[in-house]
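Both backbone and side-chain heavy atoms feed into the values below; hydrogens, waters and symmetry mates do not.
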Amino acid sequence: MSEADTKNSEDTRDFIREIIRADLDAGKHDGVVTRFPPEPNGYLHIGHAKSICLNFSIAQEFGGRCHLRFDDTNPAKEEQEYVDSIQKDVRWLGFDWGDNLFFASDYFDQLYAWAVQLVKAGKAYVDDLSADEIRAHRGTLTEPGKNSPYRDRSIEENLNLFQRMRAGEFEDGARVLRAKIDMASGNMNLRDPVMYRIVHESHPRTGDAWCIYPTYDFTHGQSDAIEHITHSICTLEFEDHRPLYDWYLDNIDAPSRPRQYEFSRLNVSHTIVSKRYLRQLVEEGHVRGWDDPRMPTISGMRRRGLPAAALRDFAKRVGVTKSNNVIEVALLDHCAREYLNKKALRRMAVLDPLKVVIENYPEGQSEELDAVNNPEDAAAGKRKVSFGREIYIERSDFMEDAPRKFFRLAPGREVRLRYAYFVTCTDVIKNDAGEVVELRCTYDPETRGGNSPDGRKVKGTLHWVSAAHAVPAEVRLYDHLFSRADPGADGNFLDDVDAESLSVLEGCLLEPALAEAKAGKAVQFERQGYFCVDPDSTPEKLVFNRTVALRDKWAKIQAKGGGGKK
RNA sequence: UGGGGCGUGGCCAAGUGGUUAAGGCACCGGUUUUUGGUAUCGGCAUUCGGAGGUUCGAAUCCUCCCGCCCCAGCCA
């Protein structure tokens, strides 16, 4: 956690924290206990990140604790692989659950006992209706449901049947245990919700000990109560479940009385956060995997080089309310740049090289020049960069017929090579196809280091690498996965995948210091953006990912068709 | 004529009867600058979904209306 993160509750105000503060003031609780309750059936994404930050931060701010609890009540969908990746992601985000790692499956015995308690109280019954029949009896949003013909079985018969369900006497789907509440309720969740279903499937943790499994509703609140969670924070779609959450806790011997609070889920423009859609992107090969740097998964963002601190900052900035929202990705990009600007070492890298020969620089000669590692951080120190007669500059930094506002190289124009010399373009060499393949320049020896003793000014400063020293690399440029802010709004979200969201650049030339770049350490390629070493990188073949581009005023001027007269 | 929520600038979001309606992102413009980066300065809602009403005074209270989201898994 960096200093930028919230350390106390004073500077963060939202309706949930207000409620907690009021509860504490009223003496309702001795402390605050929250929980992050993922189902281990997929990878965590940016929406989960918001929830993780909310729950763990609240615990930190109020001196409480936050549990990591896996909601593993559906063995048909859950896998150990996911419980591992989830733990890795939460840790990477910077949070620690200490000893408080739990699994809903740890409570199966207790949950079963509570179910029996409800049966004995005449508040739950075994229903022999099929899934289709139950649906038909449930009614619709505007019409009440009908009672199941099995609703009024005797307590003894229910007890007997429920025990036999547990004993494995019935096939999947043959019977369910339902709470006896109100088939006419306007709230669909209260129309005799299913508490237990028969699933002959082995569970990642409990193996074959059970063939009946509790539903989410019959598990969540009780798990909260067992763990003495004080504030159970979830997203808005569970608002309708709260009466049921309360009903269960009110009708069993709950060891504590947690309360559920709901906030609106996070939506981000130009992306999609739906496990189903994310899975489709992976399985149909639209991306290279769950950790593809374009994915809004935590693993994808990590691979892209987004710092955990930037993600935490983002989570804090988006706010916690109950209103539907779509946060512009630009805010995430901003958080990344703001953090990276202070931390990332600066290096020079030419992504699309154009050769430049400095004609008045002695052949065979080279020299080392001082370069600052990070102008935002003096402690980052300096390094040496090699300069020689032949260098490479960015192809886009030269224009043969340049407009007025183009502050870079053009025939007859003088620019500064960062940390090196002023150079003037004297000649343009083209191939048979008329493409520029090389530039001829002269340099001013008096401007060594980049300053002119006569006070002469240049408008542009270019990054460059020495031809004799540069190391090759592959650089992957990423853009937002979707071309439109609201993917799928016009139909299939797959149609909105931006085919150019990934462009792989081969033959990039980097200053030698980048060969030692460490995985997980961000660097800024000067004038271009923030990059990181990709896991695919090897000493023989360096591979970098662009985390986020620098803001680019020139690109804006160009986009407006500007640049002035030629 | 089901139930539950939500509507403050392009996107978020403070605001809880008396403030010139915070702040951030985005956008526009100036300054600084050996990154067209950063930093910095300035601009950007006479108005709070709409219409009535209460009040000396309303984004905040009342009434009606409009719009958007969620719920009919033996998913979570």
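- Within the nucleic acid shown, A:L141 comes within 4.0 Å of at least one base atom, counting heavy atoms only.
- For A:R138, a side-chain nitrogen or oxygen approaches OP1 or OP2 of B:G73 to under 4.0 Å.
- Rounded to whole Å, the distance from CG on A:L340 to P on B:U35 is 19 Å.
- A donor-acceptor contact closer than 3.5 angstrom links the side chains of A:T461 and A:R416.
- Nucleotides B:C44 and B:C25 place their C1' atoms 13 Å apart, quoted to the nearest Å.
- In this structure B:C68 sits in a base pair with B:G5, meeting the Watson-Crick or G-U test at under 3.5 Å.
- Rounded to an integer number of Å, the gap from CZ of A:R265 to P of B:A76 is 16 Å.
- If you check every strand for non-hydrogen atoms under 4.0 Å, A:Y196 touches nothing.
- At B:U33, none of the side-chain N or O atoms of A:R418 fall inside 4.0 Å of OP1 or OP2 (strictly under the cut-off).
- Within 4.0 Å of A:V176, counting heavy atoms only, lies at least one base atom of the nucleic acid.
- Base contact: A:F406 has a heavy atom under 4.0 Å from a base atom.
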>> Could you go through A:E237 and A:T235, starting from their C-alpha distance and side-chain angles, then the distance that decides it, and tell me whether this counts as side-chain hydrogen bond (donor to acceptor under 3.5 Å, both in side chains)?
In response: CA-CA 6 Å; A:E237 64 268 28; A:T235 41; 3.1 Å; yes
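- Across all strands, A:P375 comes closer than 4.0 Å to base atoms (heavy-atom distances).
- With ring centers used as reference points, A:F70 lies under 6.0 Å from A:F103.
- Counting non-hydrogen atoms under 4.0 angstrom, A:L369 reaches nothing in the nucleic acid.
- A donor N or O paired with an acceptor N or O is not found under 3.5 Å between the base of B:U35 and the side-chain atoms of A:Q528.
- Using the Watson-Crick or G-U wobble rule with both distances under 3.5 Å, B:U16 pairs with nothing in any strand shown.
- Pairing of B:G73, defined by two Watson-Crick or G-U wobble distances under 3.5 Å, is not identified with any nucleotide.
- Contact check, A:T215 against B:C74: no side-chain N or O comes under 4.0 Å of OP1 or OP2.
- Side-chain atoms of A:T34 come within 3.5 Å of backbone N or O of A:N55 as a donor-acceptor pair.
- No engagement by A:E143 is indicated, since no non-hydrogen atom pair under 4.0 Å with the nucleic acid exists.
- When the side-chain nitrogen and oxygen atoms of A:R135 are compared with OP1 and OP2 of B:G73, one or more of them lie within a distance under 4.0 Å.
- Across all strands shown, A:T321 has heavy atoms under 4.0 Å from sugar-phosphate atoms exclusively, and none from any base.
- Judged by distance alone with a 3.5 Å cut-off, a donor-acceptor contact links the side chain of A:E376 to the base of B:G37.
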> Could you go step by step and tell me if A:D217 and A:Y245 meet the side-chain contact (heavy atoms from CB on, under 4.5 Å) rule?
Replying inline: CA-CA 7 Å; A:D217 287 304; A:Y245 180 104; over 6 Å; no
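- Looking at heavy-atom distances under 4.0 Å, A:I557 makes contact with a base.
- A syn base is found at B:G73: its glycosidic angle is within 90° of 0.
- In this structure, the side chains of A:L462 and A:L409 come closer than 4.5 Å at one or more pairs of heavy atoms.
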Protein-nucleotides 4-7 of chain B N/O pairs under 3.5 Å:
{"residue": "B:G4", "atom": "O2'", "partner": "A:D240", "partner atom": "OD1", "Å": "3.4"}

> Which parts of nucleotides 22-27 of chain B does protein reach within less than 4.0 Å, heavy atoms only, written one letter per nucleotide 5' to 3' as B for base, S for sugar-phosphate only and - for none?
Replying inline: --SBSS
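- In this structure, A:R13 and A:E18 have side chains that are in contact, with non-hydrogen atoms separated by less than 4.5 Å.
- Judged purely by distance below 3.5 Å, without hydrogens or angles, the side chains of A:H463 and A:R346 never pair a donor atom with an acceptor atom.
- When atom types are taken as modelled, the side chain of A:D71 and the backbone of A:P38 share no donor-acceptor pair closer than 3.5 angstrom.
- Checked by distance alone, A:H241 brings a side-chain donor or acceptor within 3.5 Å of a matching partner on the base of B:A76.
- Using a 4.0 Å heavy-atom criterion, one finds that A:F238 contacts the bases of the nucleic acid, with or without backbone contacts as well.
- For A:F170, the CZ atom sits in a packed shell: over 12 heavy atoms of surrounding residues, nucleotides or ligands are nearer than 6.0 Å.
- Following rounding to the nearest Å, A:M188 (CE) and B:C70 (C1') show an atom-to-atom distance of 13 Å.
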> When you look at A:Y112 and A:W210, which way does the ring-ring contact (aromatic ring centres under 6.0 Å, His included) test go after all the steps?
Replying inline: CA-CA 10 Å; A:Y112 181 80; A:W210 297 86; 5.8 Å; yes
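- Within 4.0 Å (heavy atoms only), A:L190 reaches no atom of the nucleic acid at all.
- Distance alone, capped at 3.5 Å, places no donor-acceptor pair between the A:Q528 side chain and the A:Q524 backbone.
- If you take atom P in B:U33 and the same atom in B:A45, they sit 32 Å apart, rounded to whole Å.
- Distance NZ (A:K553) to P (B:G29): 7 Å, rounded to an integer number of Å.
- Without hydrogens or angle criteria, A:N189 side chain to A:P243 main chain gives no donor-acceptor distance under 3.5 Å.
- Phosphate contact (OP1/OP2 of B:C75, side-chain N/O of A:R276, threshold under 4.0 Å): absent.
- Taking 4.5 Å as the limit, every side-chain heavy atom of A:V126 sits out of range of all side-chain heavy atoms of A:V176.
- In terms of position along RNA chain B, the nucleotide closest to A:T142 lies nearer the 5' end than the nucleotide closest to the other residue of the pair A:K405 and A:T142.
- B:C44 makes up no base pair with any nucleotide shown, lacking Watson-Crick or G-U wobble contacts both under 3.5 Å.
- Taking atom NE2 of A:H137 as the reference point, atom P of B:A72 lies 19 Å away to the nearest angstrom.
- In this structure, A:D172 reaches neither bases nor backbone, as no heavy-atom distance under 4.0 Å exists between it and the strands shown.
- B:C68 atom P lies 17 Å from atom CG of A:N267, rounded to whole Å.
- Contacts between residues 68-81 of chain A and RNA chain B, defined by a heavy-atom separation below 4.0 Å, involve A:D71, A:T73, A:N74, A:K77, listed by number.
- Across all strands, A:E39 comes closer than 4.0 Å only to sugar-phosphate atoms, never to a base (heavy-atom distances).
- If you take CG of A:D217 and P of B:C71, they are 14 Å apart, rounded to a whole angstrom.
- The C1' atoms of B:G17 and B:C56 are separated by 12 Å, rounded to the nearest whole Å.
- Under the stacking criterion of a centre-to-centre distance below 5.5 angstrom and an interplanar angle below 30°, A:W554 sits stacked against the six-membered ring of B:G36.
- The partner of B:U63, taking Watson-Crick or G-U wobble pairs whose two distances both stay under 3.5 Å, is B:A51.
- Side-chain contact between A:V268 and A:L332 is absent, with no heavy-atom pair separated by less than 4.5 Å.
- B:A76 and B:A51 have their P atoms separated by 46 Å, with the value rounded to a whole Å.
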